[in-house]
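These notes concern the structure reproduced below.
These numbers come from a predicted model, not from an experiment. Below, all heavy atoms of this structure are taken into account, side chains as well, without hydrogens, waters or symmetry copies.
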Amino acid sequence: DGNCFFRGMGKHVHDNQETHESIRAAVVARVRSAPHEFEGFDVDLMAWADKMSKNKEWADGLAVKAASLVYGPIAVFRQANADQPPSIFMLPERDILRPLMLMDLDERNRGSEHYSPLVVPTVAVPVPTSWRTSEASPSKADDHVDGAPSGMPQQQKQHLCRLLDDAKRRLAEAKGD
C-alpha cells in the first residue's frame, strides 16, 4: 500500500506497525530540517518532502537514510540479488550503540517492491533461530511483519544469516569491540 517501509519501522521502533504515520512524519521532518545531510541525493528535497509526506507514498533510499538518522542504523537485505551484501544505513560517528534494525526488501517484481521488518521480539538474536534449523518459515500474522519472507528457500535463509553475521561483525568493528 506504499506504507510498508514506514510500517516496518513502526514495528521496529514502537512494536506497532500502525504507528507508520508518525514514523513517516518524523522522516519527512528530518529532511526538511536538515537538508544538508542529504546533499548527495539528486532531488529537490522540499518537493520530495511534500510528496513523501503523503500517505501511501513508497519509500526510497532517501527515506531509508532519513529514517536511519532519526531512529538508528538500518540494514536492508535485498531479495532480488541474494549475493549482494546488505545496505547498512548509519552514520559512522553517531548512533552505533542503537540496535541494528533489519529490513527485507523484495524487489523481485518490478513496480511492486515491498519492505518487511525482520524482527525477533523474544530472543536476543537478530533473526529467528528457526531460519537456521528448519525448512519452514516462522509463523507470522501476515506478509508485512515478522520472520522470513514467504517461501524463502532454506539456502537463502542461510545466506541471509551469513550476511547478517557479517553486518554484525562490521558494526562491532566500527564500535571498536
Heavy-atom side-chain proximity of W48 to L62 below 4.5 angstrom: yes
Is there a side-chain contact between R24 and E57, using heavy atoms and a 4.5 Å cut-off? yes
Distance, nearest 0.5 Å, that separates OG of S112 from CG of D106: 7.5 Å
Shortest non-hydrogen pair, E39 vs H36, comes out as CG-O, 3.2 Å
Going by an N to O cut-off under 4.0 Å, is there a salt bridge joining R7 and E18? yes
Does the side chain of N3 pick up a donor-acceptor pair with the side chain of W58 at under 3.5 Å? no
Is any side-chain heavy atom of V76 closer than 4.5 Å to a side-chain heavy atom of V64? yes
Considering non-hydrogen atoms only, spot the tightest contact between A26 and V70 and give its length. O-CG2, 3.9 Å
Taking only Lys NZ, Arg NE, NH1 and NH2, and the carboxylate oxygens of Asp or Glu, determine whether R108 and E113 approach each other closer than 4.0 Å. no
Looking at S33 and P35, what are the two nearest heavy atoms and their distance? C-CD, 3.5 Å
Does K51 come within less than 4.0 Å of D60, counting only side-chain N to carboxylate O? no
Which atom of V27 lies closest to which atom of A66, heavy atoms considered: CG1-CB, 3.6 Å
Answer yes or no: is there a side-chain heavy-atom contact under 4.5 Å between F77 and M103? no
Would you say H12's side chain and L102's backbone share a donor-acceptor pair under 3.5 angstrom? yes
Test ring pair (Phe, Tyr, Trp, His ring centres under 6.0 Å) applied to F5 - qualifying residues, sequence neighbours left out: Y115
Where L69 and R30 come nearest, the two heavy atoms and their spacing: O-NH1, 3.4 Å
Please tell me if the side chains of H20 and M9 come closer than 4.5 Å, counting only heavy atoms from C-beta onward. no
With rounding to the nearest 0.5 angstrom, report the CD to CG distance, Q17 to D15. 10.0 Å
Just by modelled atom types, is the F6 backbone N or O under 3.5 Å from a matching donor or acceptor in the K11 side chain? no
Smallest heavy-atom separation, G72 atom then M101 atom, equals O-CE, 3.5 Å
Would you sort out whether V31 and E37 count as a side-chain contact (heavy atoms from CB on, under 4.5 Å), showing the intermediate values? CA-CA 8 Å; V31 173; E37 293 178 325; over 6 Å; no
All side-chain contact (heavy atoms from CB on, under 4.5 Å) counterparts of D42, not counting sequence neighbours: none
To the nearest 0.5 Å, what is the distance between CG on L45 and CG on D50? 11.0 Å
For D104, does its backbone N or O pair with a side-chain atom of R78 as donor and acceptor, under 3.5 Å? no
